[in-house]
Amino acid sequence: MTNAHDRIDAEVKSSDVVLFMKGTPQFPMCGFSGQVVQILDYIGVPYKGINVLEDGDIRQGIKDYSNWPTIPQLYVKGEFIGGCDIAREMFQSGELQQLLADKGVSVGQKASA
Amino acid sequence: MNRRDRIAAALNGGLRPSALDVTDESHLHAGHAGARPGGETHYRIHVISEAFSGKSRVERHRMINALLASEFESGLHALAIHAKAEGE
């Protein structure tokens with residue numbers, strides 16, 4: 001568990017925006033993960049997608065890391081933001097875009113994965 | 001009691017909501033990852049409770065997830081949450 005925790009901790013701090021998801025940004029394997037991919041792509045913010053289906057330790061570890069029982073999980077500058085519902089609500093209200101701006105994450109670029 | 005009823009009972013007990021709707025959407029996800037032959041995997045809840053007043057989105061979800069911990073441990077796979085305080 002410590003190992004998974006440390007790896008996750010390193011991942012969420014390695015990129016401004018990190019999405020733990022099922023599948024990849026190019027090929028989401030879950031509708032909820034796919035919704036967050038669409039939101040991030042629409043905003044145009046670069047992010048790193050981490051496919052939890054490829055690693056059982058990460059798949060369980062990410063639930064423990066933020067004490068959050070479901071995937072996807074969105075992180076900005078190392079901070080846990082929420083899952084699909086929260087990301088969508090924040091996007092629709094403009095709070096997600098504002099959060100990214102407040103944290104100094106540039107948006108409007110072509111998304112990378 | 002099926003899972004829908006257990007979820008409703010746990011949220012009624014823990015949140016004293018003024019409005020609560022729990023929908024089993026498992027059939028919409030049949031054959032997808034996390035779905036099981038017996039269903040009872042995917043749910044959507046709409047809940048209005050004074051308990052959410054002044055709480056952030058993450059805090060509200062955490063309150064709900066904590067009340068449903070035993071369901072997550074027993075096969076609840078996905079939970080779409082719409083959580084509002086009174087008047088929101």
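Residue numbering restarts at 1 for every chain, and letters A, B, ... go by the order of the sequence lines. Computation of the quantities below employed the complete heavy-atom set of this structure, encompassing side-chain atoms and omitting hydrogens, waters and symmetry-equivalent molecules.
Residues Y42(A) and V18(A) share a hydrophobic cluster, clusters being chains of Ile/Leu/Val/Met/Phe/Trp/Tyr side chains in contact below 4.5 Å. Tracing side-chain contacts under 4.5 Å through hydrophobic residues (I, L, V, M, F, W, Y), one reaches F80(A) starting from I62(A); they form part of the same cluster. Side-chain heavy atoms closer than 4.5 Å link hydrophobic residues (I, L, V, M, F, W, Y) into clusters, and following such links, even through other members, never connects L68(B) to W68(A). Taken together through direct or relayed side-chain contacts under 4.5 Å among Ile, Leu, Val, Met, Phe, Trp and Tyr, V107(A) and V37(A) form part of one hydrophobic cluster. Y75(A) and V45(A) fall within a single hydrophobic cluster, where Ile, Leu, Val, Met, Phe, Trp and Tyr are joined by side-chain heavy atoms under 4.5 Å apart, directly or via other members.
For residues 16-28 of chain B, the pairs satisfying salt bridge (Lys or Arg N to Asp or Glu O under 4.0 Å) are E25(B)-R44(B), with sequence neighbours left out.
Distance check, rounded to the nearest 0.5 Å: CG of N65(B) to CG of N67(A) gives 8.0 Å. Atom-to-atom distance recorded for H77(B):NE2 and F32(A):CZ is 7.5 Å, nearest 0.5 angstrom. Taking SG from C30(A) and NE2 from H29(B), the interatomic distance works out to 8.5 Å, rounded to the nearest 0.5 Å.
Within the 4.5 angstrom heavy-atom criterion, only backbone atoms of I81(A) (N, CA, C, O) approach chain B. At a 4.5 Å heavy-atom cutoff, the contact between L79(B) and chain A is made by backbone atoms alone.
Shown here are the side chain to side chain contact (heavy atoms under 4.5 Å, CB included) partners of A66(B), two or more places apart in sequence or in another chain: there are none.
Interface residues of residues 80-88 of chain B toward chain A, defined by a heavy-atom distance below 4.5 Å and sorted by number: A80(B), I81(B), H82(B). For residues 91-104 of chain A, heavy-atom neighbours of chain B at less than 4.5 Å comprise S93(A), E95(A), sorted by residue number.
Annotation: maximal heavy-atom pairing with chain A below 4.5 Å, among E73(B), H61(B), R57(B), R60(B), occurs at R57(B).
In terms of heavy-atom proximity, F72(B) sits nearest to T70(A) at CE2-CG2, 3.6 Å.
Heavy atoms of other residues, nucleotides or ligands lying less than 6.0 angstrom from NZ of K55(B) number 12 at most.
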